[in-house]
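Everything below concerns the one structure shown next.
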Amino acid sequence: MSAYLLDRFPHEGTRMLSKDPLLRTQVGIVGAGPAGLLLARILQLNGISSIILERRSREYVLARVRAGVLEQGTVDTLVQYGAGERLQREGLPHTSVQLRWDGKRHEIPIVGDNGRRMTTYGQAKIVEDLILLREADGLPIHFDTEVTGFEGIVDRPAIHFRRNGATGTVACDFIAGCDGFLGVSRSYIRNFSEHSYLKEYPFAWFGILAEAPPCKDISGFAHSRRGLALASARSASITRHYLQVEPDFDIATMTDEQIWDELDRRFDDGSGSRLNRGPIIEKSVARLRGFVCETMQYGKLCLAGDAAHIVPPSGAKGLNLAVGDVRVLAESIRRLLKDDDSSLLARYSEICLRRIWPTVHWSCSMSEALHRFPQQSEFDTRMQYATLNAWVSTDHGRARFREATLGLPFEI
Ligand code: FAD
Ligand code: DHB
């Protein structure tokens with residue numbers, strides 16, 4: 001990467017950038033989450049330079065917990081681009097999903113054609129793997145660097161940023177907005193709000209990470225009158241569990257013992273099985289929403305991942321969708337910059353949306369069947385039982401659950 005100090009930058013309008021250091025690259029990437037880091041990796045392996053700008057510190061990004069369940073296509077993509085070595089060693093394959101409701105436990109097998117299955121491997125590890133690979137190649141990730149806005153999106157893109165109180169600019173051929181749901185990129189897509197759709201759920205997930213081995217009898221989802229619970233894992237000695245809570249839930253109001261007791265109550269199936277307890281090493285709360293911005297491209301700016309869409313986490317799909325976007329985006333950029341061919345870029349939103357809407361639909365269906373809603377009636381509960389029952393006890397329901405969990409194939 002080369003850096004130039006310029007005192008003038010030709011772009012739409014006449015703004016002078018005399019005080020700003022100007023960096024130059026082919027693709028300016030906003031955000032060092034899974035989407036931005038994977039995009040940078042694929043571009044690098046295609047001989048395309050990029051700069052990643054990330055507003056959080058390196059430590060913060062490495063410590064962020066979030067996702068854990070990966071589709072086969074996500075695993076294959078990480079392996080294909082050389083980021084799958086630890087994933088293949090440490091990823092926990094899982095070939096069924098447990099669902100509990102009305103105090104009873106059920107299990108749905110989840111194995112697809114050619115051994116397609118789900119893998120549990122923490123998002124934090126994926127992010128770490130990609131960061132270490134990039135750093136080992138001597139390529140930059142600018143942490144603690146907040147993107148404040150763009151210019152020249154239609155012809156000569158530029159990204160403005162702030163770091164340590166100073167401002168700077170990246171001049172590039174293309175901008176990838178991989179800055180998550182609360183990022184700045186989406187607001188630069190023309191008329192984005194006219195093509196955006198949002199659904200907010202009246203609850204949140206309280207997630208914990210614990211130094212406790214997974215329990216062999218308790219995993220997956222519990223629908224209970226006290227709200228949803230989910231038992232997952234990160235390794236043979238670390239578990240990840242969630243409780244449905246109020247949207248404004250305050251972590252400080254529950255002791256660790258109360259958390260374990262509440263998980264046990266929601267998972268109770270009368271068998272006496274209990275989760276393995278251990279020190280809780282991380283706690284966080286995430287609001288549940290569905291959101292899609294259907295216009296994912298404007299000029300030389302594209303959105304990928306949570307910047308363009310959010311799914312409620314019950315389907316375990318957000319990161320998997322981000323990987324799908326990034327595959328299409330990387331190839332669109334490659335054809336544009338290497339072959340001067342913008343035809344794939346013109347179809348970027350259309351291709352991504354073919355995976356996004358069905359996945360949003362599935363994630364919302366899971367949410368609506370498994371959570372306790374405010375003012376839920378006994379009738380509503382029976383309707384949820386009917387949905388859950390169809391998923392476990394009919395061929396069609398099991399096939400639907402399996403295919404939706406395994407995820408849609410990639411077109412690119
Ligand atoms: P992010 O991970 O949000 O990354 C965006 C980055 O951009 C961040 O690092 C942010 O700091 C940075 N940024 C924002 N604004 C700026 C700015 N102005 N300048 C510079 N940088 C900026 N998905 C699954 O597939 N499977 C799961 O099992 C799963 N479980 C989940 C469980 C929970 C509790 C939650 C909350 C999510 C889960 N997800 C899951 C979803 C998954 O975590 C997200 O979809 C994923 O993080 C999206 O990656 P991203 O790179 O698009 O966005
Ligand atoms: C996780 C597991 C899930 O099954 C899910 O739907 C969401 C998140 C996890 O392990 O973090």
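In each ligand, atom 1 is the first atom listed, and ligand 1 is the first ligand listed. As the structure is a prediction and not an experimental result, all values here were calculated from the model.
- Asp250 places a side-chain N or O within 3.5 Å of a backbone atom of Ala252 that can act as its donor or acceptor partner.
- For Arg64, a nitrogen or oxygen atom sits less than 3.5 Å from a nitrogen or oxygen atom of ligand 1, counting backbone and side chain alike.
- Not a single N or O atom of Ala32, backbone or side chain, sits closer than 3.5 Å to an N or O atom of ligand 1.
- A donor and an acceptor atom, one from each side chain of Trp391 and His396, are nowhere located under 3.5 Å apart.
- Annotation: atom 31 (C) of ligand 1 to nearest protein heavy atom, Ala67 CA, 3.6 Å.
- Of the protein's heavy atoms, Arg55 N, 3.2 Å lies nearest to atom 20 (C) of ligand 1.
- Nearest protein neighbour of atom 1 (P) of ligand 1, counting heavy atoms only, is Arg66 NH1, 3.4 Å.
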Contact table ligand 2 N or O to protein N or O, d under 3.5 Å:
unit_1   : atom_1 : unit_2 : atom_2 : d
ligand 2 : 6 (O)  : Pro313 : O      : 3.0
ligand 2 : 6 (O)  : Ser314 : O      : 3.1
ligand 2 : 10 (O) : Ser232 : OG     : 2.6
ligand 2 : 10 (O) : Arg234 : NH1    : 2.8
ligand 2 : 10 (O) : Arg234 : NH2    : 3.4
ligand 2 : 11 (O) : Arg234 : NH2    : 2.7
ligand 2 : 11 (O) : Tyr242 : OH     : 2.6

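- Looking from atom 32 (C) of ligand 1 to the surrounding protein, the closest heavy atom is Tyr242 OH, 3.5 Å.
- For ligand 1, none of its N or O atoms has an N or O atom of Arg56 under 3.5 Å away.
- Considering backbone and side-chain atoms together, Ala316 places an N or O closer than 3.5 Å to an N or O of ligand 1.
- Among the atoms of Val30, none of the N or O lies under 3.5 angstrom from an N or O of ligand 1.
- The shortest N or O to N or O distance between Gly183 and ligand 1 is not below 3.5 Å.
- Of the polar atoms of Trp205, none of the N or O atoms is found under 3.5 Å from an N or O of ligand 1, judged by distance alone.
- Using modelled atom types, no side-chain atom of Arg56 and backbone atom of Val61 make a donor-acceptor pair closer than 3.5 Å.
- Counting heavy-atom neighbours within 6.0 Å of Arg265 CZ, excluding the residue itself, gives a total above 12.
- Taking only nitrogen or oxygen atoms, main chain and side chain alike, Glu146 does not reach within less than 3.5 Å of ligand 1.
- No donor-acceptor pair closer than 3.5 Å links the side chain of Arg289 to the backbone N or O of Lys199.
- For atom 6 (C) of ligand 1, the closest non-hydrogen atom of the protein is Glu54 OE1, 3.6 Å.
- Scanning the protein for heavy atoms near atom 4 (O) of ligand 1, the closest one is Gly33 CA, 3.5 Å.
- Here Leu182 has no heavy atoms under 4.0 Å from ligand 1, in either its backbone or its side chain.
- The ring of Phe161 has its center no closer than 6.0 angstrom to the ring center of His142.
- Remark: the backbone N or O of Arg100 is not paired with any side-chain donor or acceptor of Arg105 at under 3.5 angstrom.
- No more than 12 heavy atoms of other residues, nucleotides or ligands lie within 6.0 Å of CG in Asn114, so this atom counts as exposed by the packing criterion.
- If you run salt bridge (charged side-chain N to carboxylate O under 4.0 Å, His left out) between Glu282 and each of Arg240, Arg64, Arg234, only Arg240 comes through.
- Summary of contacts: the protein heavy atom closest to atom 52 (O) of ligand 1 is Asp306 N, 2.9 Å.
- Counted by atom type alone, Arg287 and Tyr201 present zero donor-acceptor pairs between their side chains at under 3.5 Å.
- Inclusion of Ala35 in the set of residues having an N or O under 3.5 Å from an N or O of ligand 1 is warranted.
- Judged by distance alone, with hydrogens and angles left aside, the side-chain atoms of Glu151 form no donor-acceptor pair with the main-chain N or O of Ile159 at under 3.5 Å.
- For a threshold of 3.5 Å applied to N or O pairs, the pair formed by Ala307 and ligand 1 contains no separation below that value.
- Arg266 places no side-chain N or O within donor-acceptor distance of the main-chain N or O of Ala222, the cut-off being under 3.5 Å.
- Among protein heavy atoms, atom 43 (O) of ligand 1 sits closest to Gln123 OE1, 2.6 Å.
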